[in-house]
Structures are given as structure tokens and as C-alpha cells.
Amino acid sequence: MTTTSQVLDDLTASLTLEEKVALLTGRDFWNTVPIERIGLRNLLMSDGPSGVRGERWDEREPSLNLPSSTALASTWSRSVATRYGEALASEARRKGVDVVLGPTINLHRSPFGGRHFECMSEDPLLSGELAVGYIRGLQGGGVACCAKHYVANDFETDRFTVDVVVDDRTLHELYLKPFELAVREADAWSVMSSYNSINGDTATENDLLNDPLRTEWAFTGAVISDWTAVRSLRSAAKEQDVVMPGPVRTWGDALVAAVRSGEIDEATIDRKVHRILLLAARAGASRIDSEDAPELRTAPTVDGPALAREIAASGMVLVRNEAALPLDRGVSSVALIGNNARVARTQGGGSATVFPEHVISPLDGLVEALGADRVRFAMGAVVQVGIEELALGAMTNPVTGEPGHRATFIAADGTVLFEEDRRSTALVYFGGDAPVRQSAKVVFHTKYRCDADATLNLGFAGINRAAISVDGRVILDEQLVPVGADLGAAFLSPPAASAPVEVHAGQVLDVQVTVSLHAAGPLAGALAFNFGLEAPTTDPDELIREAVEAAAASDVAIVVVGTNSKVESEGWDRSSLALPGRQDDLVAAVVAANPNTIVVVNSGSPVVMPWRDDVAAVLLAWFPGQEFGHALTDVLFGDAEPGGRLPTTWPVSEADLPVSDVTPVEGRVVYTEGIHIGYRAWLKSGGQFAYPFGFGLGYTTWSIDDLTGPSSIAPDDDATVEVTVTNTGARRGRHVVQVYAERPTSSIDRPIRWLVGFADVTVEAGATAAVPVTVRATELAHWDGGWKVEPGEFTLVATSDAMAGGPRHRLTIT
Ligand code: BGC
């Protein structure tokens, strides 16, 4: 029988050099180049990692918006991660996507990192194990993953140019580890090389693409560059396989010439082509069958919203509960307070963004659960900034009479080139049918019905010149200028402007927004633009007063605090861990008015909570995806347990953080803390944290009673230990049993303790379970130019979080 590899070699040999090189750069923003004569179609790639956006950013092609990675990681569940991956496979199949750009498995080195919400954990084993589950689910459905960003891409500032200086041991034990598991355990079909440099060489030219990726880990997949990360021909001589996006910038003809002149070996090109052909075979994009592609290329059937709801609830982490939760469904009145209760953050910003078909906000969820007459809503503080979309129900398309607006693309000579009817006023054009590149301007036109006498702040956000006219009168005409040099970031989170318009209830405004398009430059052919309403400026004290009144008049107050689109996003790092706006004052005032105050935190990463010991309960909800409001009410009323355990330590204050500065100095960020990040660093310093790694209360209580296992193993043996755990509370619950290793007498610098295994278990009230936990030999190894296992005794500890005590077991490596 001919193996796939031989077939691919033969196929590669049948291509001309020009054809081979053409395959190595994308055809366009999201697709690779097809070669029909060999039965190879284009491969379509799409972000990722918490939904599959598809080729277009378009509300008419919505996507399932799953909880973000920190929420997924809080489940500590491999099987949940697999189901998450299956849901992505099903979405990808529905949208014709072959490669999902996820999971994101960089580490939480510091919560100041802007994409912290998109990564899993501060611990490499937890990140890697969940990535394995995710990838198995996704690839099991015949869709390729693209594990990203390889490597040490743990913050955003100067991400294209920064050089991360990190020692070899730290690199292997921490930052490479999740990728190692993704490749070795889950057989990842592709990996994305990052923007940054690592120890002097940019990722797309770095020898790390060969060693350990190809050598030690035997990676057979393709290395796809992060978008625009390939900036040289030199990268073609390295193990960088695919340049995205296309069309050709750096490789193309220059690469053909380099091969012809002997500067780059053709065998190097052949290796890359082979890998792309294999990726296509695996993802079903070619006539060639792959031995390791799933036999059935049908996507699993997944009830997406139900899964999003379940995972959001199981990822919520209850960190404080003074008998306040769960709530009685018979509660007579609830004050629901917070900007995020109405305008929920279900996902973080940047390329991870998808367009959900609907979003259930906490307000929607609570009203659905209790009825509007038992819920008093107050905004409390302004959190969301920028332009809020015009509500679909208030817009009428002047041409069709349907809800929405008409977009008209017009050439420089006034010719109408293209028209379409849209339902959203948050618009992103990247490729697709609209002739953005050929047009000089686009006009969005709608009839907007006002529901009250008010001053509306009509405005837009973008980095183009734009004007708004109302009933033929121009109210705003402005060129907005992006902040910072990261054009991608400015594109996805642009600056905003607005102008006031006095309106009365029932008035219908004729609104026309005219946007000039970029004729040249890197953003020619693309457009990201929102128009709508900017929040009115209200006296902040008045907002707090209203919230206090609502709280005082209700049985219970639920305050949903959180971050906004300017805080947690790709493209920049955070400048503070404080909640934006007056939210801390708001919580303090509300709890003073009603001690029965429950705070729900809607952020993708840690925030500082000065009031955390004063309120009745604190529930960390993360960015919980489109079913936020449903999952939240499930948890609040006890239909579901808040099953999450922290994948990252939460600090008391910024000053206590082991790593808070992620700003490059002279172009470099040095990982001076080495192997001591996250809980390892807190253990070393003895500093005060708010909630430790691994911690979470749930709705029952636990005791970890015993830890047994082999007393000795050979250096390359895995050990299976058994943890005895009892549900000491009054209701069925799920617990995450964690096993850490300690080696106080080590001859090398070690963390005081580090995670070596974990398992989740569901136990009835009062019952005891014996939970097997596998500790892989590699988890006890350290890197010293290669993996080494120190002979002698390790102590294993079974606990409920990184800082807690628990039964111990001595394990000797013989
Ligand atoms: C991000 C990647 C993403 C890519 C494509 C880049 O800016 O870093 O994570 O997959 O864009 O959108």
C-alpha cells in the first residue's frame, strides 16, 4: 500500500518550482492557493479561538460565541475542552473553514497582558492539557487546529518588534510546554509562529521552528505565520512553511530566484510543500486521503447555545460566599446593577471577536427568570466606552423598508459599484464581495426612529474620514487618528467621535453616514467602521445614587462589574488592573445600602477588588460567551453549580504582582523571573494574593483525605496515584483534585511546588470517591540541555488549590 507520505512526495515532485512557491503564500487574507490539476483546493483559515468567524465579518453570517479561554480553562476539564473543540469543528464545517486559528496557548505571565483572556492559564500543564482536549475535539471533526502563538508571545506592547529574552530552561519548562503537549499528545496539524523575537531571532526565522518542534516533538504539521509576521526571505530558509496573509509580499518570485541561484535549497521548499499538502489532506481539502484524517468527515452535531451555556456556568468561579448563594427563586425583588449587566462583555477584543447571532445579557437572563416586575435595573456607572450600535428594531432600510440600513459603495467618478442591505452598524470589510479597494467612499443610509425626548450623541468609530448627516444637515465630519503604531489594533478598536442631536419621541431621523476609503497603504481594501450612539454624559454621583436607591429597595443587589473593549484586547496591554470608571465606588455604596450584595465580575482576566471582603458573594464570570445571562441565572438560582477553579492567581493589588511590567526596554523584555511565574512566584515570595491558583468554592464543601500510589518508579515511568476525596456538604458537586510535586532538597532551583496532575470528579453529598490522577514522568523532569530526572525522593501533595495543605505521598525515582 502507498503511504500518504509517498503520495505527497510524488505530488510535490510533480509540481513546478513556481507552483510550489505559490503554495507557500496565501492567495488572500484567509485562503491558500489552490492547484486544481492536482485536486487541491484552497484551505480556508479563520479565527478563533473561541468561535469560528468564517471568511467574512458579517452579522448576516453569525457564529457561536463560546466562553473565552480563561473561562474554558477554569473548568479544568479535558472532556469539556474536547466538547468545546467539537463545537468549533461543527461551526467550521458549517462555514467551510478548514483551519481554526486556535487554541491560544501562550501563558499568563502577567495579567497586564492584553490577550490574557484569550490564553488559558499561568500553568503550562493546565494550558497544555486543555489544549490537547480542544485539539482532539476539533481535529476529530476533520478541522485543523493552529496552536498559537509559537512562542513567548505573552504580551502585546511592541509585539511585532520586541525581543523576548528567556533562558533555555524556562522556555522548555514553561512557554514551550503547552505547544509540546499540543503536538505530542494531540498531534496538532498546524502551529502559528508569532510576531516577536525570541533570544534575538524573530519567531518566523527562529531555530525553535526546528528544534524542538521538528526534532524532539516530531511535528509533521505546517507552521503558518501570524498575519504579516514573515518579513524576510531568510525565513524561507527556515522551517517556516506558510506565509499569511496573501497575496505575495516577501517570498514569491524572490524565493523562486533564491532557489534558482542556489541560495535556498529546493529540498527546503519541498519539505514545506509536503506539509501543506498533508494539511490539506488531513482537513479534506484535497483528493489525497490522509491516513490520520478522521474517517468520517462529518462534523459532530452540537447544540451550540446549550453547550455555551453549560461551559459558561461550569467555568464561573465562586471565590466568596457568605451564605448568599444560591438565591431562592422566590426572591421578591432584585436590584440588578451595572453597565455590564445590560451591555455584557461576552468576549475580548481583536481577532478573537466573532459575531454572535444573539447575546443574552445578565439583564435579559434575570428578567427571563424572574419576570420584569421583580427586577430593578440601574446602570450605576459608565463602563462601556465608544459607540454602541443602533438597535436593529429602531432602524428602517430606506430602500427595502426592512429593519437595517443600505450600504452603497461609490467609485471616484460617482458610479455606484455595489449595494447591500445590512442589519448591524458595526461593520468590518476584509475581502468578501464589497469592492472596498475600488471605491472612493461608502454611504450607509437608514431611517432611525427615536423612542424618547432626548439628546442623542450620534457618532462613529473608525480610522477613516467620515461624516454624519441628519435630515440633510451635516452634524459631524472628522478624520479620526489612531492611537499607537499597531494598525491592526487601531483597526479593530478604533477611536470614536460623536455630536449631539436633540430629538423627540417618535421622531424619525434620516441618517446618512459617508466614509472615505483608504486609497493606498496597508489598510487599502479593508474597512472597520461602527456608527451609532455614544453614551450620554451623566453625573456619575447621580448614577451611583440611583443604584443605591434600587439596592436599598430590594431583597438582594447583584452588581455586575467588569472591563470594557478598551481594556482587554489584542493590540495593547492593560495599563491598570482597576475596574474602569467609578465601579469600585459603586460597589462600596451599594453594599453599604444593602449588605446582601452579590458581585459578578465580567472580565477575562484578574481585576483588583478592594471591596471583596465586604460583599456577600463574589462570582467571577469571565467573558462567558453569548449565553452569559442564561448561565448566570442557572448559577445564581442553583440550577447549576459555579464549577470553576482559578487557572490563574488573582492578586490583592497591582503592587503585589510578581510580573507587572510588560513594557519593552530598548526593544527587549527579559523574563528575569525564570521558571517562577504565577503561583510559583507567589509561593517563592510569600506575598499576599487575593485568591490562589486552583481555588474555587462551588456550592458544596470538600475534604481531601488520602493520597496513595507507588513508592518508587523508574525515571521514564508515569505514576498513577489515587486521591480520596469526600463531598462534606449537602449537595452533589464537582471538584478538581490537584496534585503538586515538591522537592525541597533539590540540587537545582525549583518552584516550592508545581502542578503535576489533576482530575475532576462529581460526588454525591456525603459520599467519598477514589480519584486516579496520572503524573507523567515528564512532569518531574527538568530541562538542562535536555530533559533530566533527578533521582531520589519527590513529595506529592493532593490539594484543592496551589497554596493549600493536603495528604502527602513520597515517590522515589530509582
Ligand atoms: C493575531 C492572530 C490571528 C491573526 C489573524 C493576528 O493579528 O495575532 O492571533 O489569528 O491576526 O486574524
Side-chain angles (χ1 to χ4, degrees), residues 316 318-345 360-384 388 451-454 505 535-562 564 579-602 607 609-621 628-639 642:
M316 288 184 191
L318 184 64
V319 291
R320 176 178 171 82
N321 190 12
E322 299 298 292
L325 287 176
L327 286 172
D328 184 348
R329 218 171 247 284
V331 60
S332 63
S333 57
V334 175
L336 180 64
I337 295 163
N339 200 172
N340 289 44
R342 193 178 68 79
V343 189
R345 293 287 297 155
I360 309 295
S361 69
L363 180 58
D364 298 332
L366 206 63
V367 166
E368 193 181 308
L370 293 182
D373 51 342
R374 283 198 279 163
V375 181
R376 283 192 187 90
F377 174 72
M379 185 152 108
V382 175
V383 180
Q384 300 310 325
E388 194 178 329
D451 62 0
D453 295 353
T537 13
T538 321
D539 175 9
D541 292 325
E542 179 57 27
L543 288 176
I544 293 180
R545 253 194 311 277
E546 284 167 13
V548 163
E549 263 169 39
S554 306
D555 286 354
V556 51
I558 300 170
V559 190
V560 182
V561 296
N564 63 35
L579 287 167
R582 294 279 300 277
Q583 296 184 92
D584 287 337
D585 294 341
L586 172 67
V587 176
V590 168
V591 74
N594 186 339
N596 197 13
T597 291
I598 294 156
V599 180
V600 177
V601 184
N602 177 205
V607 294
M609 304 183 289
W611 33 260
R612 66 195 169 84
D613 292 333
D614 305 329
V615 297
V618 180
L619 179 68
L620 311 180
F628 184 4
H630 284 148
L632 182 62
T633 47
D634 290 345
V635 164
L636 290 176
F637 296 110
D639 299 336

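Just so you know, these numbers come straight off a predicted model, no measurement behind them.
The closest side-chain heavy-atom distance from Pro642 to Leu619 is below 4.5 Å. Leu327 is listed as a side-chain neighbour of Ile558, based on a closest heavy-atom distance under 4.5 Å. With contacts defined as side-chain heavy-atom distances shorter than 4.5 Å, the pair Trp611/Val599 qualifies. The closest side-chain heavy-atom distance from Met316 to Val600 is not below 4.5 Å.
For Asn340, the side-chain hydrogen bond (donor to acceptor under 3.5 Å, both in side chains) partners are Gln384, Asn602, not counting sequence neighbours. Qualifying side chain to side chain contact (heavy atoms under 4.5 Å, CB included) partners for Ala324, counting only residues two or more places apart in sequence or in other chains: Asn321, Asn596, Ile598, Ala616, Ala617. Every residue was checked against the side-chain hydrogen bond (donor to acceptor under 3.5 Å, both in side chains) condition with Asn594, not counting sequence neighbours, and none meets it. Under the side-chain hydrogen bond (donor to acceptor under 3.5 Å, both in side chains) criterion, Asp555 pairs with Ser332, sequence neighbours left out. By the salt bridge (charged side-chain N to carboxylate O under 4.0 Å, His left out) test, Asp541 pairs with Arg582, sequence neighbours left out. Listed by chain and residue number, Asp584, Val608 satisfy the side chain to side chain contact (heavy atoms under 4.5 Å, CB included) test with Pro610 (two or more places apart in sequence, or in another chain). Not counting sequence neighbours, Glu549 has no partner by the side-chain hydrogen bond (donor to acceptor under 3.5 Å, both in side chains) test.
In this structure, the separation between CG on Asp539 and CD on Glu546 is 9.5 Å, given to the nearest 0.5 Å. The structure places OG1 of Thr538 at 5.0 Å from CG of Leu543, a figure rounded to the nearest 0.5 Å. Between atom CG of residue Asp614 and atom CD of residue Glu322 there is a gap of 10.5 Å, rounded to the nearest 0.5 Å. Rounding to the nearest 0.5 angstrom, the gap separating the CG atom in Leu370 from the OG1 atom in Thr633 is 8.5 Å.
Judged as a salt bridge (Lys or Arg N to Asp or Glu O under 4.0 Å), the pairs with a partner in residues 324-345 (not counting sequence neighbours) are, in order, Arg329-Asp639, Arg342-Glu388. Evaluation of the salt bridge (Lys or Arg N to Asp or Glu O under 4.0 Å) test over residues 361-384, restricted to residues two or more places apart or in two chains, returns none.
Among all heavy-atom pairs drawn from Ala593 and Val548, the shortest one is CB-CG1, 3.7 Å. In terms of heavy-atom proximity, Ser554 sits nearest to Ser333 at CA-OG, 3.3 Å. The shortest non-hydrogen separation linking Val590 to Ala557 is CG1-CB, 3.7 Å.
Counting heavy-atom neighbours within 6.0 Å of Asp453 CG, excluding the residue itself, gives a total above 12.
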